[in-house]
Amino acid sequence: ARYPAIEKRYGEPMAYWFKVMAKLEGRRYPEQMKHLQENHGFSREHANALVMYSRGSTSTQRFAGPKEYFESIVGLSKPGGWYADNDDRRELDWLRKEHPTNPKTAREILNQMNSIKNGCVDFLQIGAMDGIKHDDLHRYIKSNDWAGVLVEPLPDMFERLLENYDNPKGLLKFECCAIGHEDGETDIWRVDPAAIESGLVEDWADGCTTMKPENHLPQLNQYRYAVKVKTKTIKTLMEQYGGLPDFIQIDTEGFDFDIFMQCYNYGLKPMVYKIEIAHITYNNTVYMRHLLETQGYKTFIDGYDLIAYQF
């Protein structure tokens with residue numbers, strides 16, 4: 001269970017307290033604190049945790065990141081606790097077990113979004129590969145008037161991406177870079193294509209290029225090598241191309257949380273997010289989900305992706 005101390009002590013589920021904070025949006029920090037303490041009997045510690053969460057704690061100096069935020073609520077870093085740092089808590093089974101059930105699928109959400117936008121969706125795809133393989137968006141882009149930016153860091157994969165989209169209407173923009181913490185260069189680790197071609201590893205490994213090999217599949221490490229690629233931040237990318245996407249897909253094999261936080265801190269609020277969570281921690285996934293739900297998104301897990309939508 002999430003937030004057990006707050007729910008137990010004040011007698012309401014967290015959904016109730018999120019609604020309380022939504023009504024206080026725009027008020028100053030002291031006013032929000034006073035409201036919780038005087039009207040609901042919150043301790044200063046719990047009031048601060050709820051207020052700072054609603055204000056986006058990663059953008060303040062009160063908490064260095066999600067771990068510090070969650071620890072401030074009920075000391076959840078105790079061994080074996082809900083916020084325990086161990087390999088078991090990385091498993092997607094934990095997320096699926098604890099996540100609210102949802103009868104929808106990612107494809108149903110994409111279809112609904114496409115219908116709402118009459119086939120004219122503005123999108124940002126980070127980790128586009130060649131535009132076809134391991135790609136759920138190709139058919140939407142090709143058969144509708146989707147307009148957007150496709151980001152792919154590997155030069156050879158980027159060339160194939162350009163070849164696979166003829167782009168007759170000029171609706172698509174292509175960027176050969178990785179999204180990083182700063183503009184510049186970085187090493188990105190790819191699985192050797194020769195190892196794939198020879199059958200040493202499965203064909204799907206060509207989609208396992210990552211900036212965080214330490215958080216990825218260890219059985220692939222012996223076949224990886226580093227490639228130097230250009231990096232840009234979300235801020236730089238958005239200032240370069242402009243617009244506000246209706247849909248953002250992030251599929252970067254372990255850097256997904258970092259990129260989402262850049263989108264969040266930049267103020268992007270697309271109609272739909274599709275974010276790969278297979279190679280990020282349980283802790284960061286839960287934190288990301290709560291940030292989205294605080295903004296009014298409905299969320300669910302489909303396969304290896306976190307889906308968030310607001311319609």
Starting from Val149, can I reach Ile132 by hopping between I/L/V/M/F/W/Y residues whose side chains sit under 4.5 Å apart? no
Hey, could you give me the CD1/CZ distance between Ile6 and Phe42, rounded to the nearest 0.5 Å? 5.5 Å
For atom NZ of Lys173, is the number of surrounding heavy atoms from other residues, nucleotides or ligands below 6.0 Å larger than 12? no
side-chain contact (heavy atoms from CB on, under 4.5 Å) for Asp145 and Lys117? Distances and angles first, verdict last. CA-CA 10 Å; Asp145 287 326; Lys117 299 295 293 184; over 6 Å; no
Quick one: OG1 on Thr299 to CD on Glu293, what's the gap to the nearest 0.5 Å? 3.5 Å
Are Tyr273 and Phe260 close enough that their ring centers fall under 6.0 Å? yes
Are Leu292 and Ile301 connected in the hydrophobic side-chain network, where two residues link if heavy atoms are under 4.5 Å apart? yes
Which pair of non-hydrogen atoms, one from Lys133 and one from Met129, has the smallest distance, and what is that distance? O-SD, 4.1 Å
Parallel, tilted or perpendicular: which describes the rings of Phe311 and Tyr309, with under 30° parallel and over 60° perpendicular? tilted
Might you point out which heavy atoms bring Asp246 and Pro270 nearest each other, and give the distance in Å? O-CB, 3.4 Å
Taking C-beta and beyond as the side chain, do Asp206 and Val191 meet within less than 4.5 Å on heavy atoms? no
Val201 side chain reached by Leu220 side chain, heavy atoms, under 4.5 Å: yes
Is Lys274 paired with Asp256 through a side-chain N to carboxylate O contact shorter than 4.0 Å? no
Tell me whether the count of non-hydrogen atoms from other residues, nucleotides or ligands lying under 6.0 Å of NZ in Lys235 goes above 12. no
Between His35 and Gln32, is any pair of side-chain heavy atoms under 4.5 Å apart? no
Do any N or O atoms from the side chain of Asn167 and from the backbone of Leu172 form a donor-acceptor pair under 3.5 angstrom? yes
When clusters are formed by joining ILVMFWY residues with side-chain heavy atoms under 4.5 Å apart, either directly or through shared neighbours, do Leu171 and Met238 land in the same one? no
Taking all non-hydrogen atoms of both residues into account, name the closest pair between Arg224 and Leu217 and its distance. NH2-O, 3.4 Å
Smallest heavy-atom separation, Ala178 atom then Pro153 atom, equals N-CB, 3.7 Å
Below 4.5 Å, heavy atoms only, C-beta onward: do Tyr266 and Glu239 meet side chain to side chain? yes
Determine whether Phe123 and Met271 make a side-chain contact, defined as any pair of heavy atoms from C-beta on separated by less than 4.5 Å. no
Does the plane of the ring in Trp17 sit parallel, tilted or perpendicular to the ring in His40? Use 30° and 60° as the thresholds. perpendicular
Please step through side-chain contact (heavy atoms from CB on, under 4.5 Å) for the pair Tyr140 and Asn111, ending with a clear verdict. CA-CA 9 Å; Tyr140 292 99; Asn111 288 341; 2.7 Å; yes
Decide side-chain contact (heavy atoms from CB on, under 4.5 Å) for Thr209 and Met157; before the verdict, give the C-alpha distance in whole Å, the side-chain angles of both, and the deciding distance to 0.1 Å. CA-CA 11 Å; Thr209 300; Met157 198 69 74; over 6 Å; no
In terms of hydrophobic clustering (I, L, V, M, F, W, Y; side-chain heavy atoms under 4.5 Å; direct or indirect links), are Tyr297 and Leu291 co-clustered? yes
Tell me yes or no: between the side chains of Asp136 and Gln249, is some donor less than 3.5 Å from an acceptor? no
Evaluate Phe255 against His216 for ring-ring contact (aromatic ring centres under 6.0 Å, His included), listing each step before the verdict. CA-CA 10 Å; Phe255 204 64; His216 210 274; over 10 Å; no
Say you draw a straight line from CG of Leu237 to CD1 of Ile259; how long is it, rounded to the nearest 0.5 Å? 10.0 Å
Atom CG in Leu137, atom CZ in Phe247: separation rounded to 0.5 Å? 5.0 Å
Here the pair of heavy atoms bringing Ala106 nearest to Asp302 is N-OD2, 2.7 Å
Verify the cluster assignment for Val229 and Tyr225: are they in a single hydrophobic cluster under the rule of side-chain heavy atoms below 4.5 Å apart? yes
Residues, nucleotides or ligands: over 12 heavy atoms within 6.0 Å of Gln310 CD: yes
Glu25, CD atom: more than 12 neighbouring heavy atoms under 6.0 Å: no
Check: Ser43 and Tyr10 side chains under 4.5 Å, non-hydrogen atoms: yes
Between the main-chain N or O of Trp146 and the side-chain N or O of Asn144, is there a donor-acceptor pair closer than 3.5 Å? no
Could you walk me through whether His138 and Tyr165 pass the ring-ring contact (aromatic ring centres under 6.0 Å, His included) test, one step at a time? CA-CA 9 Å; His138 185 264; Tyr165 283 111; 5.0 Å; yes
Any Ile277 side-chain heavy atom under 4.5 Å of Arg289 side chain: no
Can you tell me how far the OG1 atom of Thr285 sits from the CE atom of Met288, to the nearest 0.5 Å? 5.0 Å
Are Gln262 and Thr233 close enough, and set up right, to give a side-chain contact (heavy atoms from CB on, under 4.5 Å), and what steps lead you there? CA-CA 8 Å; Gln262 287 192 39; Thr233 64; 3.5 Å; yes
State, with a plain yes or no, whether a side-chain heavy atom of Thr252 is found less than 4.5 Å away from one of His279. no
Paired with Lys230, the salt bridge (charged side-chain N to carboxylate O under 4.0 Å, His left out) test is passed by just one of Glu175, Glu152, Glu182, namely Glu175
Any chance CG of Leu244 has more than 12 other-residue heavy atoms, nucleotides or ligands included, within less than 6.0 Å? no
Roughly how far apart are Ile307 CD1 and Arg107 CZ, rounded to 0.5 Å? 12.0 Å
Taking all non-hydrogen atoms of both residues, which atom of Leu124 and which atom of Val151 are closest, and how far apart? CD1-CG2, 4.2 Å
